[in-house]
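Below: one structure, written as structure tokens.
The analysis underlying the following values was restricted to heavy atoms, covering all of them including side chains, and did not include hydrogens, waters or symmetry mates. In this chain, numbering begins with 1 at the start of the sequence shown.
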Amino acid sequence: MTKIGITVGIAALAVAMQPTDTHAFCGFYVSGSGDKMFADATQVVLMREGTRTVLSMQNDYKGPLADFAMVIPVPVVLHEKDVKTLPKNVFDHTDALGSPRLVEYWEQDPCAVMNTDDAMAARPTKSAGRAVDKSDEKGKDGVKIEAQFDVAEYKILILSATEATGLETWLRANHYQIPTGAEPLLRPYVEGGMKFFVAKVDPKKVQMVDGHAALSPIRFHYDSDEFALPIRLGMANSSGKQDLIVNIISADKRYEVANYRNVFIPTNFDVKDSVRARFGEFYAALFDKTVEANPGAVVTEYAWTAVPNYHCDPCTNADISNPDLMTLGGDVIGGQIAAGTFVLTRLHARYSAQDMKDDLRFREAKPVTGGREQWSRQGLEYGAVPSAQNYFQARYAMRHRWTGPIACASPQRNIWGGPPDGNYQPTIAASKVAFAPRGKLALGTVIGRDLWEIGFKKTAPQQPGFAKPPGSKAMGLGIGALAALVLMALGVVVARRRAV
């Protein structure tokens, strides 16, 4: 589980729930059977333009189908024209575009005559492909059915309530059992005048695949000045850490959270070849160290301006197409997104019920860049820095030094490109990071430099050829970056790469 704008203007929220390690969910599940249910790999994509929000959600859960339903707070009454079901593959495309990626470079022949344009062309990047009966009266429990309609396998009710206890009573009276501890989570939404989207499932219309219900993804849209994602109700279905990935697609804006700390994932450093087979595990370890250094923070993993024929660099095998964008909300957003131009923001949080007491509330953020194969005299592009456009990504590289003969008088070292045989391999993306093994990979042994951004040191001796942090201040620098600068002032020498 992490686009909005041209290919998929939405916020993707990956949700997976296990006994000790779960993904977040922006509502909760209820069931008449009372059996324990966990959300497993739910994804949510948000598309935002002006005051309009399109929320697309894919649900995959473990539990009984009988009288199963989702309960999600929404700011307004939804009607049948506002809700539709979607194909699942659009979520795969969105996740792939913003996922952390592992790339591979080979040092080019130091004696080959190569100008700057040739060197850029040799880099192993791929061009992106385009790529109950309705009533006007509230019951004695204060619950009113505002709307009622069917969409595919979902039987949908839109409820309003005057009291959280009344809503709980209504659900129980209609044979739903509220998860333990849900009433206090419902209360802020009821007091705030929110409505409740209750999507009940007709078991006769659902297929079971490998023990999971193959529910159709569902999409709805609404207009509201507030741009937020309700996550507190998801705590009711959680028994441990939740992993939340939010992908937001907007025509021309990057987003960050307004009510929690924002940090950027450390990016653009080299790793050992062994990471190839354990990339998901590596990235989970890096993410955990980042959160450990920044408790309670939401981590930006991707913020990229996608325009026709240039969505990513490097690209993974999947990309968001214009039909995907229309499916995810471009048909009701229009504008630049409909024309294929957008910014995809991928935000990632990992938390327990004690860590987050409020929903995620989003605000516009200034453009940043970082994580590309861009070199200067100070070394490889470092951190997240202000920019005219958004080009930031979580990107890591395996590099292979030239091992052939060097017979010229002025060899040009550190020019990186594709493999000598021209056999390019696909870019590796880290997906389903919440399910990756944790605590088994020693992060310090596989990284090519100290992670100044989070104050984390590699455990092996420093290898030559890795860039040191620039002297200028970069966005998201933490205590580790400050410590590195102090060490430099004390005369600690770190080898520099030759600028390309």
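- Residues V246 and F362 are in side-chain contact: their nearest non-hydrogen atoms beyond the backbone lie under 4.5 Å apart.
- For the salt bridge (charged side-chain N to carboxylate O under 4.0 Å, His left out) test, residues two or more places apart in sequence or in another chain that qualify with K289 are E292.
- Between F227 and R361, every side-chain heavy-atom pair lies at or beyond the 4.5 Å cut-off.
- In this structure, the side chain of D288 does not engage the main chain of A285 through any donor-acceptor pair within 3.5 Å.
- For the pair Y382 (side chain) and N268 (backbone), a donor-acceptor distance under 3.5 Å is absent.
- Checking side-chain atoms of E153 against main-chain N and O of V201 turns up no donor-acceptor pair under 3.5 Å.
- In the model, R395 has no side-chain atom that pairs as donor or acceptor with a side-chain atom of T267 under 3.5 Å.
- Here the side chains of I218 and F197 are in contact, with some heavy-atom distance below 4.5 Å.
- Judged purely by atom type and a 3.5 angstrom limit, R261 has no side-chain atom pairing as donor or acceptor with the backbone of N294.
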Report the C-alpha distance between I156 and F220 in whole Å, list the side-chain angles of each, state the deciding distance to 0.1 Å, and finish with yes or no for side-chain contact (heavy atoms from CB on, under 4.5 Å).
CA-CA 12 Å; I156 296 169; F220 54 82; over 6 Å; no

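- Counting only heavy atoms from C-beta outward, the side chains of S56 and L86 approach each other to under 4.5 Å.
- Taking both residues in full, the closest heavy atoms of R48 and Y255 are given as CG-OH, 3.6 Å, listed atom of the first, atom of the second, then distance.
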Go through the steps to decide whether Y154 and L215 satisfy the test side-chain contact (heavy atoms from CB on, under 4.5 Å), and finish with yes or no.
CA-CA 9 Å; Y154 297 103; L215 298 178; 3.4 Å; yes

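- Remark: K205 does not engage D150 in a salt bridge, criterion side-chain N to carboxylate O under 4.0 Å.
- Between the R219 side chain and the T327 main chain, a donor and an acceptor come within less than 3.5 Å of each other.
- Atoms CG and CG, on L286 and L451 in that order, are 6.5 Å from each other to the nearest 0.5 Å.
- Within the model, atoms CD1 of I158 and CD1 of I72 stand 9.5 Å from one another, a figure rounded to the nearest 0.5 Å.
- Considering only heavy atoms from C-beta on, L102 stays 4.5 Å or farther from Y283 through its side chain.
- Other residues, nucleotides and ligands contribute only 12 or fewer heavy atoms inside 6.0 Å of the CG atom of D225.
- Taking all atoms of both residues into account, the shortest heavy-atom contact from G371 to E381 is N-OE1, 3.2 Å.
- Using a 4.5 Å heavy-atom cutoff, the side chains of V343 and K253 are not in contact.
- Using modelled atom types, no side-chain atom of D202 and backbone atom of K155 make a donor-acceptor pair closer than 3.5 Å.
- With ring centers used as reference points, F269 lies under 6.0 Å from Y396.
- By the 4.5 Å heavy-atom criterion applied to side chains, Y302 and I245 are not counted as neighbours.
- Across all their heavy atoms, A161 and V190 have their closest contact at O-CG1, 3.4 Å.
- In this structure E281 satisfies the salt bridge (charged side-chain N to carboxylate O under 4.0 Å, His left out) test together with R278, sequence neighbours excluded.
- Taking CD of Q389 as the reference point, atom CZ of R254 lies at 13.0 Å (rounded to 0.5 Å).
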